[in-house]
Amino acid sequence: MKILLVDDSKTMRNIQKSVLTQMGHTQIEEACDGQDALSKVGAFQPELLLVDWNMPNMDGLSFVKAFRQQDKTTPIIMVTTESERARVVEAIKAGVNNYVVKPFTPDILNQRITETMSKLATV
Amino acid sequence: MAGDAVDKSIHVELPSDAMSATIVIEPGLDPALVTVEVCEAVLSDRKVVITGEVKKAIVSLVKAYTDNPEVEARSQVATGSAPVHGEDERIEFEAGLVPLEDDSEASTVSHYDRSSFKTVSSGQRLGKLIPATEGSDGQTVLGKVLSAKAGRSLGLRTEESVTLSGDGVIVANVDGLLCYRDNLLRILTILEVPEYVDFSTGNIDFGGDVEIRRGVRDCFIVTATGSITVRGLVEAATIRAGLDVRLEGGMAAREKGVIEAGRDLHARYLDSVKGTIGRNVEVMKELVNSRLNVCGEMRSGRCAIIGGRLVVSGACDVGIVGAGGGSPTELLVGRIAEVDELRDVCRKLHPKVEARLTRFRGEFETLVNCAGKLSPSQAERMTELQYEVGTLEGLIQKLEEAGQRLDDLQNKYAEVDLSIQTRVHQGAKLVLRDMVVEFKDDLKGPFRLTLDKRGEPVMTDLIRDTPVEVRTVARVYPYVEDQEQNEAGQSSRAA
């Protein structure tokens, strides 16, 4: 499965990449903000996106809105420190499929990814 | 009258080898008398063969004279042809391939690497046999045929080690040294070096056995896929054999020389040598200040081990261990050097990983106990710490498992059986797998040391065939691989 990681922190991307690699995923692309991600989705054609909220240039929420205009189905998991209920609702309304709040453990990320993909398969 | 004038004024220059004919017409002769026919007649009188080419040359000459009869006209009108002799049959060797007995190399950069012995591999194209040619005959201007000599056959002979195909291609059938002598082309699978390995031979890298009649000089490297035998002394050189190494004159390596043998090592004596031996070792006289790892057995009942460190995986039979002067000598029996090295890596890595884990855990606890909501950067840091802690815990578990597996390997494949025939000197350190036995005084042999089921050293007097209580004659304590820790351990026990 092709997965796009969108986070301005290289360390966070590395952690997510490591978890995904342990899960058996090898086709992983990285983007450092929303703009960078938008420029890569066309060529990479991801099947899952893990997106941070707070990033320079284009934040995660703006990216999700822009991305959903061209792609309504590819699952997006928001991985962020924004844990307030209102923010979560805002993200879900913008088109996010699942939500992981930082700090997270590798197990939680693993669990959310599996959960999201299972839901999608059922639909 | 006209005939006389012609005879006097037109003549032919014909050299003794008759390879050319030149007509000379002196000035003043009536041009009407100078015709092609007259010139041909003059040539014919001298037996020169008149060909089409000759006629053309005469026409040009006559015209030149007729145009200017006041000047001497001269032209070489006929030319002979020399014979072209055939070429002898020969071998054209592939680029860079110079067989033994025909080394005409100029110079190379490193004199150590400038080897006189070029080895070839099985299946390698060596060159091509170029057949002899017939050549072509020549002819004088008088029509005499000059015969060409045909090229001679080489009379090439080959052995089974090379194949000469119908189209002349020569291919190696075995690895070895290409040798061409007395028209016999073959590949030698044993390389015999009649003198020293030195600047006259360069380093040797041979795909077979090597036998050196004299010795090996400082800094030279002898490598062979088979066995290496040296009849004379090996200095501070490197000897690498896929199979056995036999040093009949011994080796004085001055802490620079190295021996690597895939199988057995047999030597008269070894001084300041480093090396790894794949199977058994037999040293006849002395093993001095050397660091050797022996993967098989040490069968040297008359050998004195003085100074250095000898690690033996299998049974060990030696004459004397240590020296009166207290030269630090370590003899480790029932240990596999490679396993020890890996165990050492695990052992050194473990505390480093533990320290890092402790630091991360501390930072993590601080964040957990932090009052109030975490800032975004704290939340990200906490994620990092959780990840690092998980990774390091996994690494520690792997290190512990690896250490256990290495211990199991050591116990399974290494044998603790040490026999000392003549004497062990005070201060010599004998390590029987995990136990150090250090004798309080010099002790005469022969005796044997093994381990019982609990891993405790057991000593047997080989003359009376009776057990000896080890702790009455020696200090016995657990072996700690790190030298400093080992000494510290001893001090604390003494205290």
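Here is how names work: the chains are called A, B, and so on, in the same order as the sequence lines, proteins then strands, and each is numbered from 1.
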Check: every donor-acceptor pair under 3.5 Å linking chain A and chain B:
from	atom 1	to	atom 2	distance (Å)
A:S18	OG	B:Y387	OH	2.3
A:K102	NZ	B:E380	OE2	2.5
A:F104	N	B:T383	OG1	3.3
A:F104	O	B:Q386	NE2	3.2

Next on the checklist: So, using ring pair (Phe, Tyr, Trp, His ring centres under 6.0 Å) as the criterion, who are the partners of A:F67 when residues are at least two apart?
Outcome noted: A:F63
Next on the checklist: On a heavy-atom basis, which atom in B:A379 and which in A:P103 lie closest, and how many Å separate them?
Outcome noted: O-CB, 3.3 Å
